[in-house]
Amino acid sequence: MPESKRGRAVEHAMEKKPRAAAAAVGDGGGSRGEASGSSEGGGLVERLPEALLVEVLGRLEVDDACSAAASCRALHGAAAAAISAITTIDLSAFAPSNAILSRILEGNGAVRSLTVNCSLLDDSAASVIAKGSLGELSLLKCSFRMSFFMAIGERCRNLRSLKLEVADASGHPGFSTCLAPIYAGCIYLETLWMKSPLLDPHAAYYETGLPFLPSNLKELLLQPVSHSRAKTVFPRTTSLTKHISDSLESLSLVLDTITDELVMLITGNVRNLVELCLEDEPVAQPNLPEDLTNVGLQALGLCHNLRHLSLTRRYCDFRRVNDFGILMLAEGCKQLRAIRLSGFSKVSDAGYAALLHSGKDLKKFEVSNGLCLSDLACLDLDKAAPNITEVRLLNCALLTSDTAISLAPCTNLKVLDLSGCKSIADSGLVSISQLPKLTLLDLAGADITDAGLSALGNGRCLISSMCLRGCRRISSNGIASLLCGTGTINKTLVSLDIGNVPRISCRAVTVIAKNCEQINSLCLRNCLLITDSSLEVLGSMGRDSNKCSLRMLDLAYCSKLSRNFLRLFEPPLFRGLRWLGVGKNVVQRRGCSPTVAELLERKPGLTICGNACDMGCRNKCHPDIRFLQ
């Protein structure tokens, strides 16, 4: 917790009179420990100075502070004081109701940054969300109407950043019109995100409205938007009035098709462009002139101030871009720090190497579906880009362990994603294990074995997030070698994905529970040997230390779990869990005990997904699982 926030919380508490020590030592029950306050002698907690309690609770996450508030009157008062002074509140991990949100925000007049999962909220939530102190507001999975946005526009005059994720595309057309009150009232708005879940590309609705975009925007993200509508943001004619292109520095568009015409409009009008992210999902392979070619890449080379560039295409390829276009881009953009390319099937090692050697400032490099990318492009990467911290090479079929070996001298590397590169083997892991700053490693689908995991378990990298999904040659013995070795990964690992690994059994889950008390996210989907007994061990994790870190658990299609396995998630097991993936097989069951509805009633902070989504469902919003059973 920032010092400024803690300081204000302590000052707030100091203004109050010291709390009288009138509570009993024991907790006599009641939702807020009422009995403890009525007994003689006073409880130990209530004998502590309120400023100290506020300081302690102020260091917790908001949901943990709310849980503590239910223990006794002393903690209830201290939690209220601590929460009322918090300047940054993130409620994205669970979906609060109107009543819960009101309890958290009602007394807070200091919050400057607020993120809320709005899937259970209605328009009346504006009365507590719309605060004059807000500078940043992120509304996830929202489906509000005009009245809500009118309240935001009227009360949040200092708002500088607004990020909206629409719950479903059905409300998409009218949604952009509702933003007019915000454009009118929030005159300092600099960042605007409008995201709607993408539909099937063969029936996608790409008509995000673009009326009255504020002229002082510095960052704009639209998902989705048609290229014909996107072109209206950048007029061909000059005007004496201020236009959005005068101030825009960051532009992100998810389109139906990326075209040369759109790229040239952007590069010709946005003079201060620092970040450009263009993604498309064409229904079929585009024909000229409705496509991106070397001409568009050459136009991008004119953006000499560009620092971050992302050009990605899903389902199809940029078949009219080859090494020449990439060479022209590399020649013009010498200050690139982050590059992300996907779908460039005609670009070879020569083009990628030119980008890697175009400047010394490159820190992030990502290529997806690079059909012609081989190990040669990554040779001497430490010399070409000495400051590189992130390398992502996804689904590049020609890459082998030699790529991993060539990255060993990159001592600043923090992120390495080689998912889908099936020829990565154990020899590459030996080199990876010596990267001293590595925190994220994704080897999904790699041809590694337990011996490779043993090398990582004895290595010196500080991995916090690791994905081994689909690595079919590893087993529970490999997980034991990974987490019981002489290295430190068992103390740093907080996210682990071992889904779709057929030889992962109960032993692996037990090893994780006993050696990774700090684990936050665990994916076990399609692990067909997992049973109820291993979940009981996992659910008891941290009980002795009174610390339960597990927040997200994916059990989709673990077919050996019993019919009534949901009983394992009742209190006191899995106390901190916020998201549980169970798959559609559980939703279709009848006569289970407890039912999903009963479990959610006992754990209101828990989200259960029956749609086989990946962790957290991202920005997807599904019907309440209780009504699907």
Side-chain angles (χ1 to χ4, degrees), residues 391 400-419 421 423-524 527 529-530 534 537-538 540-542 544-545 547-550 553:
V391 174
T400 70
S401 293
D402 288 343
T403 292
I405 294 171
S406 68
L407 294 173
C410 300
T411 55
N412 291 318
L413 199 63
K414 296 180 179 178
V415 174
L416 179 57
D417 188 343
L418 298 174
S419 56
C421 302
S423 296
I424 303 295
D426 292 341
S427 58
L429 266 62
V430 175
S431 299
I432 291 172
S433 67
Q434 300 306 310
L435 292 170
K437 296 182 181 179
L438 192 67
T439 58
L440 183 148
L441 178 62
D442 193 332
L443 297 169
D447 189 37
I448 59 174
T449 69
D450 292 346
L453 293 186
S454 179
L456 285 176
N458 295 318
R460 58 175 183 151
C461 45
L462 306 175
I463 297 175
S464 61
S465 178
M466 189 170 187
C467 179
L468 301 170
R469 182 180 294 194
C471 296
R472 305 183 67 83
R473 297 182 65 192
I474 66 175
S475 69
S476 294
N477 291 334
I479 299 301
S481 299
L482 177 71
L483 300 178
C484 301
T486 59
T488 58
I489 190 171
N490 60 346
K491 298 180 178 63
T492 59
L493 194 65
V494 296
S495 176
L496 178 62
D497 186 338
I498 47 177
N500 298 340
V501 180
R503 294 196 290 164
I504 291 296
S505 66
C506 296
R507 184 189 174 212
V509 179
T510 303
V511 168
I512 293 168
K514 292 183 177 179
N515 293 276
C516 291
E517 286 196 354
Q518 74 286 348
I519 196 82
N520 178 280
S521 172
L522 178 62
C523 176
L524 299 170
C527 289
L529 302 179
I530 303 299
S534 58
V537 176
L538 191 64
S540 303
M541 196 169 55
D544 295 336
S545 60
K547 179 183 178 182
C548 187
S549 61
L550 191 63
L553 178 63

Can you confirm whether Ile424 sits close enough to Thr400 that some side-chain heavy atom of one is under 4.5 Å from a side-chain heavy atom of the other? no
Shortest non-hydrogen contact between Cys471 and Gly445, atoms and distance: SG-N, 3.8 Å
Carefully, step by step, assess Val501 and Arg472 under the rule side chain to side chain contact (heavy atoms under 4.5 Å, CB included). CA-CA 5 Å; Val501 180; Arg472 305 183 67 83; over 6 Å; no
Between atom OG of Ser401 and atom CG of Asp447, what is the distance when rounded to the nearest 0.5 Å? 8.5 Å
Does a donor on one side chain sit under 3.5 Å from an acceptor on the other, for Asn477 and Arg503? no
Write down the atom of Cys484, the atom of Val511, and the distance for their closest heavy-atom approach. SG-CG1, 4.2 Å
Would you say that Leu468 contacts Asp497 through its side chain, given a criterion of any heavy-atom pair below 4.5 Å between the two side chains? no
Considering all heavy atoms of both residues, which atom of Ser549 and which atom of Gln518 are nearest to each other, and what is their separation? OG-C, 3.1 Å
Closest heavy-atom pair and its distance - Leu435, Leu407: CD2-O, 3.6 Å
Do Asp426 and Thr449 meet the criterion of a side-chain donor-acceptor pair at a distance under 3.5 Å? yes
Answer whether the closest heavy-atom distance between the side chains of Ile530 and Val509 falls below 4.5 Å. yes
Looking only at side-chain N and O atoms, does Ser476 offer a donor or acceptor that is under 3.5 Å from a partner on Ser505? yes
Does any non-hydrogen side-chain atom of Ile463 lie less than 4.5 Å from one of Thr439? no
Side chain to side chain contact (heavy atoms under 4.5 Å, CB included) assessment of Val430 paired with Ile405: CA-CA 8 Å; Val430 175; Ile405 294 171; over 6 Å; no
Quick one, Leu441 and Leu438 - any side-chain contact, counting heavy atoms below 4.5 Å? yes
From CA spacing to verdict: side chain to side chain contact (heavy atoms under 4.5 Å, CB included), Leu462, Lys491: CA-CA 9 Å; Leu462 306 175; Lys491 298 180 178 63; over 6 Å; no
Pairwise distance CG(Leu483) to CG(Leu493) - rounded to 0.5 angstrom: 6.5 Å
Keeping the roles fixed (side chain from Ser481, backbone from Leu453), state whether a donor-acceptor pair exists under 3.5 Å. no
What heavy-atom pair brings Met466 and Leu482 nearest, and what distance separates the two atoms? SD-CD2, 3.9 Å
As an exercise, state the distance from OG of Ser465 to CG of Asn520, rounded to the nearest 0.5 Å. 10.0 Å
If I take atom CG from residue Asp442 and atom SG from residue Cys467, how far apart are they, to the nearest 0.5 angstrom? 4.0 Å
In this structure, OG of Ser454 is separated from CG of Leu429 (nearest 0.5 Å) by 10.5 Å
Evaluate the side-chain proximity of Ile474 to Ile448: yes if any heavy-atom separation is below 4.5 Å, no if none is. yes
Rounding to 0.5 Å, atoms CD1 (Ile432) and CG (Leu443) come to a distance of 5.5 Å
Do the side chains of Thr488 and Arg460 get nearer than 4.5 Å, heavy atoms only? no
Would you check if Asn412 and Lys437 make a side-chain contact, meaning some heavy-atom pair closer than 4.5 Å? yes
With no hydrogens and no angle check, just 3.5 Å: does a side-chain donor-acceptor pair link Ser475 and Asp450? yes
Run the numbers on Val391 and Asp417 for side chain to side chain contact (heavy atoms under 4.5 Å, CB included), then give the verdict. CA-CA 6 Å; Val391 174; Asp417 188 343; over 6 Å; no
So which heavy atom on Val537 is nearest to which on Ala513, and how close? CG1-CB, 3.8 Å
